[in-house]
Structures are given as C-alpha cells and as structure tokens.
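These numbers were taken from a predicted model, which means no experiment stands behind them.
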Amino acid sequence: MKRTYLNRITTIALAAVAVFSISSCKEEGGLAPEYMPDMYRSPAIEPYVDYGEVQGKYSNPEYTDRMSARNPVEGTIARGYMPYAYENTPEGYDLAGQNLTNPIAYSENVKAEGKELFGMFCVHCHGDKGQGDGTLVQRDKFPPIPTKFTPELQLPEGKMFHTITYGKGLMGAHASQLNQEERWKLVHYIRAEFMGLAPAAVPAEAAEEAAPAEEVAAEAAPEAPAGEEENHEAH
Amino acid sequence: MNKITNLTKESTLFKVFLFCLSFLFFQFNSYSQDGKKLFKANCAACHSVGANKVVGPGLQGVTEKRSAEWLHSWIKNSGEMIASGDGDAVAIFEEYGKVIMPPQPVDDAQIDAILEYINNPNDGETAAGPTPPGGGDLTTAAPEDNSTMIYVFGAAILLLVILIFTLNRTGLFLRETIAKNEGEEYKGPTTLWESLREVMRNNKGIVAAVVIVLFFGGLLDLMDGAFEIGVHQGYKPEQPIKFSHKIHAGDDKIDCNYCHSSARHSKTSGIPSLNVCMNCHKHIDGSSGKTFMYNGKQYSMTEEIQKIYDHLDYDRETQTYGDNPTPVQWVKIHNLPDHVFFSHAQHVTAGKQKCQTCHGPVEEMDVVAQDAPLTMKWCIECHNATAVATEGNGYYDEMHARMTPEFKEQVMEDGVITVKEIGGWECAKCHY
C-alpha cells in the first residue's frame, strides 16, 4: 500500500519535471515549435519560400526548379506596364530632353507626394536641399553629387525623368523601384522646390479638360507589377 | 611653366621671388591636399585615382600617357577636342559609350593640383595608416558568455550531491551503531533511497505541497508553452550575405522604402533584387577593406560585397555582367500562416504606418530579428487602439456626413475612428 502511494507521487513529480523541460524548449535558430506546420508553411506558392518547401523539407523531391521568384514568361508584359520609348544612350537622353513633358498636372498634393518620394529615394545622396550632400556623401561613401539642383541648373524635365529611369554616371537605374507616375511626381517636386520652376497649379477640372482622364491614366500607369517581378528575382 | 616665364618678363625680381616662394609653399604643404579636395568635388563622381573604371576611366598614370597640354584642354572642353578630330580624344569618346565628359569649371592651376594629386594620391594620408581591423564606430561588445555560469552551477550541484550522500552515509552509520550498542535490531533504512523514502513518509504534508506546486507550476508552464506554439518572436537567423540593417538604415539613413520599394504597392514588402544593391555597391565595392559587426562577429566588407558580385556574375574590373547569375537564398523571418491575409500596401500607403510599428527598431539591428509576436491578439489590439488617418481624406468627410446621428454618436464619441470601428475586427477582413 505504502509502496504504490509513493510510486504514484514519484510518477507525478517526474511527469511535472518532464513537462517543465519540454515546454521550455525552442527549436533551433529561435523558431518556436509549430503545431501542424502545414498551416504556417504552406506547400502552395508563397513569396520568398521555395516551391513545395515546408520547414526546410520538400514535399516533392523530384521537383528541381524550386525558385519561387521568377521572371515573367517571355513575350508577356505585366498589367499596367507602360513601355518607355527612349533608349539608354546619349542620343536617347537628348531626345527625352527634347520631347518628353510631364504628363501629371502640378498641384500642391503632387508636390507633397514628390517630397515624400524624395525622402525615400533621393535624399541619402542628393541631400534634403538637393545640393548633393546626403548622408552617404557626408559619411564619405560617395563623392559629392556633381548635379546640384539650383535655379541655375539648365535641365529639361525629360532628361530628369530619363536619368531616374536609367541612371546616369554613378547613379543607378531606379525604374524597378519607382513607377512612371512616381518618377514624374519626383520631377515636379525637384523642379518646384529646388529649381524654382513650379508650374502654375492647374485646378483639377481644368487638368481633366487638358488631358483626358484615360490618357493621364495610361501615361501614368504604374509600372509596379514589372518592378515587383524584378524584386522577386532576388530569391 | 609658361606662366612663370611670362611673369618674369612683366614683374620685378622681388615679385617673382615672392611668387616662387608661395608656389613652393603650396607645392610642399597643401598642393596635393587641394588637389584631393578638387578631385573629390569635380572628378570623383566619374573617375578614380586607381586603375579601375568608375564611369569614366581610372586615372592612374594618366599624366604619363598624355601630355599636360592635352589633359588641360580635355578637362576644360573635351567636346571641342572630339569635334576637332583629335585621335586620342575620339578613341576615348567611342570607348566610353559616346558620353562626353562635361567641361569642368577649373583653371590651369587647379588642373595642375588635380594632376599632382592623381600622381600621388596617398600624400598626407600615410600618417593615418590603414584602418585597424574592427576600428571605428562599428565595433560592439562581444556577446555575453554564460558558459562560466553553467560550470559554477554544475559544480555547486555536484558538491551538494556529494554532501547529501556522505551526510546520509554518516547518519545511517551512526543510527546503526546506536541500535547495535543498545542491543536492538536495526530496522531503519540502509541506503540513500530508503532513507529518502523514510523522510518522505514522515513529512507527507510537505511532500504533498511540493508535488502540488510542481504539478500546477508545470501546468502553467505547459500553458505558457502552448501559447508559444507558432509564435516566432525573437527569431533571428543569420543571412547568407551578412547585410547589416544597422549600417544601411541606421548609420547611412537610407529609407526602408528605398530597398523594400514594393511595400507601398504590394502585399509583400519585397526583398530587393540585386540591381538595387548595385545602385550603391557599384561604387562602394568594399575596397576600403573595413570590417563590420554582424551577430557579434566581425566580417570583412570586401568579402560580403564580393558575394553580391558573385551572385550577379559581375566583374568588378571590367564592370560587366556575366550571363550566369544565381539567386541569393535569404532566410525568411516574418511568416504569417496561410489562413490570414495581410497587405503591406494597406498598412504603409493607406494606413500611413511606420515600418517600425511592427518590425521594431530595425535600424538598430545588425541581424534582423522578429520584433512582434505576430499573433492575432497583437493584430487586433493595435486595430483597437489605432486611429484611421481620416484628415484631408474626402471619402471620410462624405461618409461621416451620411452617418445617422445615433451611429455617429456611438462611433465618434471619443473623437477618433479606430480601425476596429471601420471593420478592423471583422473576421472576414483578414480570414477568407
């Protein structure tokens, strides 16, 4: 009788200790245990996870091409993609400067959006005043940017757009990060804020008259889907 | 030299003497330094003083290759030289993609200073010497070492066990001796295990209390453990390329959106493709040989940046891309289960939320760790507390105008509209 009583106590105590040790363990690399991992890591396509991968194991070992980020099928274009007609050559640069004009009507809202974009994509090199003294220049990682946005700078908006699209000199191409609409908004902001070339803000109705809504939509159609595809290549 | 001979003709001996003196002074003290400054301001955006191509050719040894006269007229107006049909000029123009080097706003003396600097780029820098490994502001303390703690703890436990064992032995021996001396038969325990059971038998209350505490403690712990299932807060894997967010987002102050550019438009924030890396790392190629800290260990910038080039099959010397690029297999950190929908665009663009709200101070992390638990409780608590950015949004003005007075009173009683109040707690908003 005593023996069974004591045995029971020992068993319970051991069970408690076991529970302690199990519950406080984490999987390797800081991952917590997962109950039914299929719910967390699906065999279906997920961004930045290989095809058919569930926690490092593959559902179909015969499947060899597992990369989830792929280029679009050849000959297809993403929805909303707008081609850019000028080539990445000195001639294309000059042509863009002569022929391209900003399709987006200028307004205070557009300028504000441009300012936000400038803070995201330009400021670390060009500086918050556009004088080529951003943090990367201050920290001596980049030479001072030769182009300073001042009222004296003679630079047509088409050339600015072309440069954001393809890059120029040390500056890289930003077409994968900014769609055409955003690039034109940036051009508006830079010209209005630093170069003293703010076009007269067009009232919304007049703008619609001047450029039919469809045309604006088409020209400003985001290139984002294409950009995203490019982004996915990283994986 | 022309300048000096001209001057001697026109000026007195004294003036010449002064001029030469100042010339010497400049040459020995600040000539090269001025050249360095001028070079950085005017040339460095496209040229290096080494042999490597940047945008234009590397300028090492250029003063031996070309005459000073040729260089002067090239720097002042290269377009004119090309137009005049100078053989060398046209050859360079063709080689570098027919891009004209813009005329530089420098005078002859400044050009000489720049050329002087190109010849001796390391003047005045030798004293500083190479950066010591791990120097600068990048070093941080080594991670805490807790292996000593384990040893001390283990030794203490071992001591205790030995102590219990010997004391028990002595006690039993004494009891046995006493029993023998008193002529009685010894019935007590003879081993450690038996004496332990005897102690437990005599203190049933304490034993029961300990067991109860252990049991419920274990139960509580089990529940805590159950809440941890699938919650990867603090998950901090090392990445194949030791990319430090602390350097890029913290020190260099590059906006999150620069690299994660699809967060504004898409469901996913986007891991940047390597072309985005190359926007900067075409120039910042790690040739400084500096080191940086990542996960408490020191890494060489040269080696880590070289990994980008390897993946792109990019040749640093010729600045050309090969045709055999390979993907970087970054380790995914934040993972939401399949049965919940989440869109970055909705939170970043429409909701105007800062990245740090959910991802924590990434700009202070060299290795990114999951900061938030990403549980449903965490989601809806934020939806309950966060006000919708209604200001300046005509849609909401219209919506508020159309509300019935009772409903408006109910919703607007605290003056703000939270995400919950526009449906942020509806199941089907995220689960469908």
For the atom pair [atom1] ([X]) and [atom2] ([Y]), what is the distance rounded to the nearest 0.5 Å?
{"X": "A:R139", "Y": "B:I247", "atom1": "CZ", "atom2": "CD1", "answer": "8.0 Å"}
{"X": "A:L117", "Y": "B:S261", "atom1": "CG", "atom2": "OG", "answer": "11.0 Å"}
{"X": "A:Q177", "Y": "B:C259", "atom1": "CD", "atom2": "SG", "answer": "7.0 Å"}

Donor-acceptor contact present, side-chain [X] to main-chain [Y], <3.5 Å:
{"X": "B:H232", "Y": "A:A32", "answer": "yes"}
{"X": "B:K253", "Y": "A:G134", "answer": "no"}
{"X": "B:N279", "Y": "A:A173", "answer": "yes"}

Contact summary for [X] and [Y], nearest pair of heavy atoms:
{"X": "A:S176", "Y": "B:N275", "answer": "OG-ND2, 3.2 Å"}
{"X": "B:D252", "Y": "A:T135", "answer": "O-OG1, 2.6 Å"}
{"X": "A:F142", "Y": "B:I284", "answer": "CE1-CD1, 3.7 Å"}
{"X": "B:K332", "Y": "A:P47", "answer": "NZ-O, 3.2 Å"}

Counting neighbours of [atom1] on [X] that are heavy atoms of other residues, nucleotides or ligands and sit closer than 6.0 Å, is the number greater than 12?
{"X": "A:K159", "atom1": "NZ", "answer": "yes"}
{"X": "B:F227", "atom1": "CZ", "answer": "no"}
{"X": "B:Q319", "atom1": "CD", "answer": "yes"}
{"X": "B:F216", "atom1": "CZ", "answer": "no"}

Segment of [X] engaging chain A (4.5 angstrom heavy-atom cut-off):
{"X": "B:N335", "answer": "side chain"}
{"X": "B:L336", "answer": "backbone"}
{"X": "B:C280", "answer": "both"}

Quick check on A:D140 against chain B: is it the side chain, the backbone, both or neither that has a heavy atom closer than 4.5 Å? side chain
With a 4.5 angstrom heavy-atom cut-off, which part of A:Y93 approaches chain B: side chain, backbone, both or neither?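 A:Y93 has no heavy atom closer than 4.5 Å to chain B.
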When the ring planes of A:F121 and B:Y258 are compared, do they come out parallel, tilted or perpendicular, using 30° and 60° as the limits? tilted
Neighbourhood of chain B inside [range], taking heavy atoms under 4.5 Å as contact:
{"range": "residues 143-156 of chain A", "value": "A:P143, A:P144, A:P146"}
{"range": "residues 122-133 of chain A", "value": "A:H124"}
{"range": "residues 163-171 of chain A", "value": "A:G169, A:L170"}

Could you list all the salt bridge (charged side-chain N to carboxylate O under 4.0 Å, His left out) pairs where at least one residue sits in residues 259-286 of chain B, not counting sequence neighbours?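 Qualifying pairs: A:E182-B:R264, B:D285-B:R316.
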